[in-house]
Amino acid sequence: MSNLMNKTCPNMTFQNPEQDQVFVGVYSVVFIFGLTLNLTALVVFFRNSKSRSHTTVYMIHLAFADILLVCTLPVRIYFHSGLGDPHPTICEITGLIMLTNMYSSVFLLMCISVDRCIAVCFPLSSRVREGRKKAWCVCLGIWILTIATSLPIYFKKKQADMKNSTTKNFTCFGGFPFYATETAPLVSTLIIGFGIPLIIMILSSWGLIRAISKSTAVQTSDLVDSVRIKRMIITNLAIFLFCFLPYHIMLLILYASEYPCPLLMAYRYSFMVACMNAMLDPMAYYFTTETFRRKMDVEAVRKIRQMNSHSSDGNNRSRAPLTT
């Protein structure tokens, strides 16, 4: 396989009026709705600080990550509007922020899925309760991880651009993603940045659905709509796959292809779909929580399972078993 840094697309036109209209339209919609919904979410979360759950901590950070991501979209809208290339430094910083917050969102979505699962499956575990209280520490670790892994890519890309500056072929968002399709960054991205979070989300979703299906108290309770909960879990996972799977598949295809230039447009579309996650996150997560509704079904499931466990234990409260 030839070195990716030697792959260029000299005969490819990156500005296409019809395609650019699609990018401008989609990015504009994502920017308007993503910014509005996530700001609304933050306002509601902070106004209801007294009833804030551990899952809400992850959602606050997710909303913040999505806001930072959508704030970079005006630069892309400017580029696809045919007004010219923004300054190279602006393009580089925009790409860095986009990359950092995309994978912050991935890890935070994973944490939300895990937190919901263990809250329902292990409502009586003191270790689980203590672990969930460390949500802020987990969020801090995610930010450190994503920033620390994105900065080397930024500086390496900048050095590569300086070496190739004599070619005068700079284009802000239309060039080949060399930095993302080199072997080391690609492997770490596919495994750590996407593969592991996806597997954990699938297992957490399966565990939560299994716990709800096997709970007699949940099935017979009028407080919980188990069908709606299962639909919500499946929808969340489907949105995750819809947004992030095409982008990572395209990175792998670009890496493996000897002639990747014809695939660049598909890559740009997959990146656009990944950005849509910032708009879909509030719809899929925030408006199904107790912060936006009077009763949160998942929280009701946890309480019912907890009461069921207490009642099945009889008077021996000191040795209450964990529910599974």
### Query
Counting distance only, does the side-chain N/O of T100 pair as donor-acceptor with the main-chain N or O of I97 below 3.5 Å?
no
### Task
Any chance you could lay out the side chain to side chain contact (heavy atoms under 4.5 Å, CB included) test for M232 and N236, step after step, and finish with the verdict?
CA-CA 6 Å; M232 179 190 70; N236 292 339; 3.8 Å; yes
### Message
Quick check against the 3.5 Å criterion: does T72 have a side-chain atom that pairs as donor or acceptor with the backbone of L69?
### Response
yes
### Query
Above 12 or not: heavy atoms from other molecules or residues under 6.0 Å from CZ of F33?
no
### Task
Report the C-alpha distance between Y103 and H248 in whole Å, list the side-chain angles of each, state the deciding distance to 0.1 Å, and finish with yes or no for ring pair (Phe, Tyr, Trp, His ring centres under 6.0 Å).
CA-CA 12 Å; Y103 288 102; H248 290 89; 5.7 Å; yes
### Task
Spell out, as yes or no, whether a donor-acceptor pair under 3.5 Å connects the side chain of N38 to the backbone of A278.
yes
### Message
Is any side-chain heavy atom of T94 closer than 4.5 Å to one of L73?
### Response
no
### Task
Examine R76 relative to F23 and say whether NZ or CZ is less than 6.0 Å from the centre of the six-membered ring and inside a 45° cone about the ring axis.
no
### Query
Does a side-chain heavy-atom distance below 4.5 Å link Y267 with L251?
yes
### Query
Does S257 use its side chain to pair, donor to acceptor, with the backbone of I253 at less than 3.5 Å?
no
### Message
If you apply the rule side chain to side chain contact (heavy atoms under 4.5 Å, CB included), what do you find for M279 with F31, and how did you get there?
### Response
CA-CA 8 Å; M279 176 183 66; F31 173 74; over 6 Å; no
### Query
Taking the inter-plane angle between the rings of F194 and F240 on a 0 to 90° scale, is it parallel (under 30°), tilted (30 to 60°) or perpendicular (over 60°)?
parallel
